[in-house]
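Written out below as structure tokens is the structure these notes cover.
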Number of protein chains: 2
Amino acid sequence: MGHFDNFFKSAFTVDNVIFGFDEGDLKVLLIRRGEEPYHGKWALPGYFVYPNEDLDDAAIRVLEELTGINNVYLEQVQTFGAVNRHAFGRVITVAYFSLIKISNYTIQPASIALQAQWHSVATVSPLAFDHDEILHACFMRLKWLVRSRPVGFELLPPKFTLTELQHLYEAILETELDKRNFRKKILSMDLLIDLNETQEGVAHRPAKLYKFDQKKYQELLKEGFSFELKESRKKEVKKRSNNSV
Amino acid sequence: MGHFDNFFKSAFTVDNVIFGFDEGDLKVLLIRRGEEPYHGKWALPGYFVYPNEDLDDAAIRVLEELTGINNVYLEQVQTFGAVNRHAFGRVITVAYFSLIKISNYTIQPASIALQAQWHSVATVSPLAFDHDEILHACFMRLKWLVRSRPVGFELLPPKFTLTELQHLYEAILETELDKRNFRKKILSMDLLIDLNETQEGVAHRPAKLYKFDQKKYQELLKEGFSFELKESRKKEVKKRSNNSV
DNA sequence: GTTAGCTAGTGTAAAAATTACACAAAGCCA
DNA sequence: TGGCTTTGTGTAATTTTTACACTAGCTAAC
């Protein structure tokens with residue numbers, strides 16, 4: 001360093017958008033800030049990047065420091081650099097996102113964060129800084145991703161039912177899907193392994209449990225496989241008749 | 001400012017990947033560097049972001065300063081932040097890309113650049129810094145974009161033939177397309193206006209000229225329109241027989 | 001002015017993918 | 001045993017995609 005002391009320098013951060021899925025609801029992991037500005041407000045887990053640290057490494061480190069979550073695959077989404085996005089000076093931030101199985105992790109907020117908690121994406125209240133905008137951008141990315149990669153499996157527990165999988169897709173795409181067509185499509189990918197087990201403790205016919213065929217998926221990815229899921233929004237007309245009661 | 005003087009700061013740049021299309025070839029606009037490091041080497045047009053300047057504005061300004069090109073729509077692609085990507089210190093760069101009609105612009109390199117010139121994407125020699133990687137990322141983005149938006153029109157002159165359009169798609173997708181199916185698909189979008197004119201000065205049957213229906217396209221975009229172009233690679237088997245001569 | 005050479009322009013049939021749609025089966029519980 | 005709830009399944013109609021080959025129209029060379 002030293003050569004660049006004369007050049008324009010800015011503070012530089014990463015912000016992580018971690019999605020999970022629980023109780024039929026798409027969630028995002030937030031921290032309650034323990035520092036000014038926005039002390040006590042909910043925000044995305046993010047912090048400064050060290051000068052000698054790769055961007056991707058910083059995202060992983062910051063996530064662990066603020067929430068206790070480690071060992072996840074983070075994907076870069078977009079960089080936000082509006083001049084006034086931070087009240088204390090010029091701060092440019094790179095947004096990363098990830099999909100995790102909520103049940104696999106225990107949340108442990110570090111000193112800088114007062115608290116770390118899952119929040120329903122559909123109902124999050126205003127966040128600190130421009131984090132609403134960042135969250136929105138990552139949600140759009142997720143929506144796109146769900147159509148080109150079977151991301152569902154990354155959010156569900158190891159064993160899941162087809163109905164759970166469908167609900168996940170519906171939550172992400174914010175639409176309803178046809179049960180039979182959804183199953184046909186999913187099963188035709190040949191990426192699900194029937195575990196020959198059924199749900200327990202439900203007050204109705206128990207559903208079959210499946211797991212994701214990780215091995216086959218990796219092979220398909222190599223071959224440049226692209227998963228397509230498109231389905232028109234159903235029953236728009238019928239729903240309107242409910243409103244008019 | 002001032003509050004953040006204690007925090008980790010890095011130098012911060014933008015790099016622009018400007019694509020054009022000419023003589024059946026996909027091109028990228030490069031400058032020859034007039035500064036160390038990589039003095040005299042070809043590189044993407046990029047430079048520092050001012051402290052009081054939005055990221056997107058910086059990309060536009062830097063592009064104009066280095067190449068004379070202004071008034072283009074730049075889209076953010078990805079941020080590159082490996083620790084050692086710049087020999088003189090920590091420099092994080094945001095890559096932007098754009099598609100322009102080569103004939104609409106005159107290239108005028110500024111003092112910092114020795115030269116600015118279009119280079120064929122397929123044959124660019126090694127570039128300064130990690131610019132090969134950045135170019136590759138933007139090319140991948142373009143490949144993706146071409147399937148979901150009729151970007152072709154942004155690269156061609158106002159009047160073009162269907163064959164020119166097809167060659168452009170083939171150059172971007174690095175594949176061959178079936179003439180009849182391509183035309184059927186493109187015309188079915190109903191975004192082309194037949195100009196009732198034909199090519200001049202060609203030594204064969206002249207092709208009809210079309211222009212792009214900008215107005216209709218904007219309307220379709222609002223409705224959440226998504227253009228799909230998929231076509232299998234043709235004639236793989238037949239080509240192999242050539243090799244075996 | 002005839003012809004050779006080149007690219008433009010066009011249709012159809014087969015296959016594949018998508019969509020819409022309704023009821024019997026299985027387990028739990030009262 | 002019957003009622004409740006959710007699971008699990010097939011088919012026909014429609015749309016989209018794919019593969020494929022010859023005539024039309026112009027220039028240039030002879």
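Quick note on labels: first sequence line is chain A, next is B, and so on, each numbered from 1. Atom set for the values below is all heavy atoms of this structure, side chains included, hydrogens, waters and symmetry mates excluded.
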Report summary line: Sorted by chain and residue number, the ring pair (Phe, Tyr, Trp, His ring centres under 6.0 Å) partners of Phe160(A) (sequence neighbours excluded) come out as Phe153(A)

Report task. Return the value, rounded to whole Å, for the distance between atom CD of Glu176(B) and atom P of dA19(D). Result -> 12 Å

Quick one: side chains of residues 116-125 of chain B, donor-acceptor pairs under 3.5 Å with protein atoms, not counting sequence neighbours, listed by atom name and distance.
unit_1, atom_1, unit_2, atom_2, d
Ser120(B), OG, Asp25(B), OD2, 2.7

Requested in this report: Strictly below 4.0 Å, heavy-atom distances to any atom of DNA chain D: list the hits from residues 155-163 of chain A, or just say none.
Outcome: Thr163(A)

**Report entry** Gap between atoms CZ and P, on Phe182(A) and dT18(C) respectively (whole Å)
**Finding:** 14 Å

Report summary line: Whole-Å distance, Leu187(B) CG to dG11(C) C1', equals 14 Å

Report summary line: Sorted by chain and number, sequence neighbours left out, ring pair (Phe, Tyr, Trp, His ring centres under 6.0 Å) with Phe139(A) holds for none

**Report entry** Between dG9(C) (C1') and Gln166(B) (CD): distance, integer Å
**Finding:** 12 Å

Requested in this report: Sort and list the pairs that fulfil salt bridge (Lys or Arg N to Asp or Glu O under 4.0 Å) and have at least one residue in residues 136-146 of chain B, not counting sequence neighbours.
Outcome: Lys143(B)-Glu174(B)

Report summary line: From the candidates dC21(C), dC20(D), dA8(C), the one with an atom nearest any side-chain atom of Asn181(A) is dC21(C)

Report task. Please report, rounded to the nearest Å, how far the P atom of dA8(C) is from the CG atom of Asp194(B). Result -> 15 Å

**Report entry** dG8(D) phosphate, OP1 or OP2, under 4.0 Å from Lys208(A) side-chain N/O
**Finding:** no

Report task. Determine whether any donor atom in the side chain of Lys184(A) lies under 3.5 Å from an acceptor atom in the base of dT19(C), or the reverse, and answer yes or no. Result -> yes

Requested in this report: Report yes if a side-chain nitrogen or oxygen of Arg183(A) is closer than 4.0 Å to either non-bridging phosphate oxygen (OP1 or OP2) of dT9(D); otherwise report no.
Outcome: no

**Report entry** Qualifying salt bridge (Lys or Arg N to Asp or Glu O under 4.0 Å) pairs with a residue from residues 191-202 of chain B, counting only residues at least two apart or across chains
**Finding:** Lys159(B)-Glu197(B), Asp194(B)-Lys208(B)

Requested in this report: Take atom CG of Leu209(A) and atom P of dA26(C), then tell me their distance rounded to the nearest Å.
Outcome: 17 Å

Query raised in the report: Can you find a heavy atom in the side chain of Ile18(B) that is under 4.5 Å from one in the side chain of Val28(B)?
Result: no

**Report entry** Non-neighbouring partners of Asp56(A) that pass salt bridge (charged side-chain N to carboxylate O under 4.0 Å, His left out), sequence neighbours left out
**Finding:** none

**Report entry** For Asn104(B), side-chain contact (heavy atoms from CB on, under 4.5 Å) partners two or more places apart
**Finding:** Lys101(B)

Query raised in the report: So do Glu133(B) and Phe80(B) actually touch side chain to side chain, heavy atoms under 4.5 Å?
Result: yes

Query - Asp178(B) CG to dG9(C) C1', straight-line distance once rounded to whole Å - result: 13 Å

Query raised in the report: Reading nucleotides 21-30 of chain D 5' to 3', which nucleotides get B (base under 4.0 Å from a protein heavy atom), which S (sugar-phosphate only), which -?
Result: B--BBBSS--

Query raised in the report: What is the distance from OH of Tyr210(B) to P of dA8(C), rounded to the nearest Å?
Result: 12 Å

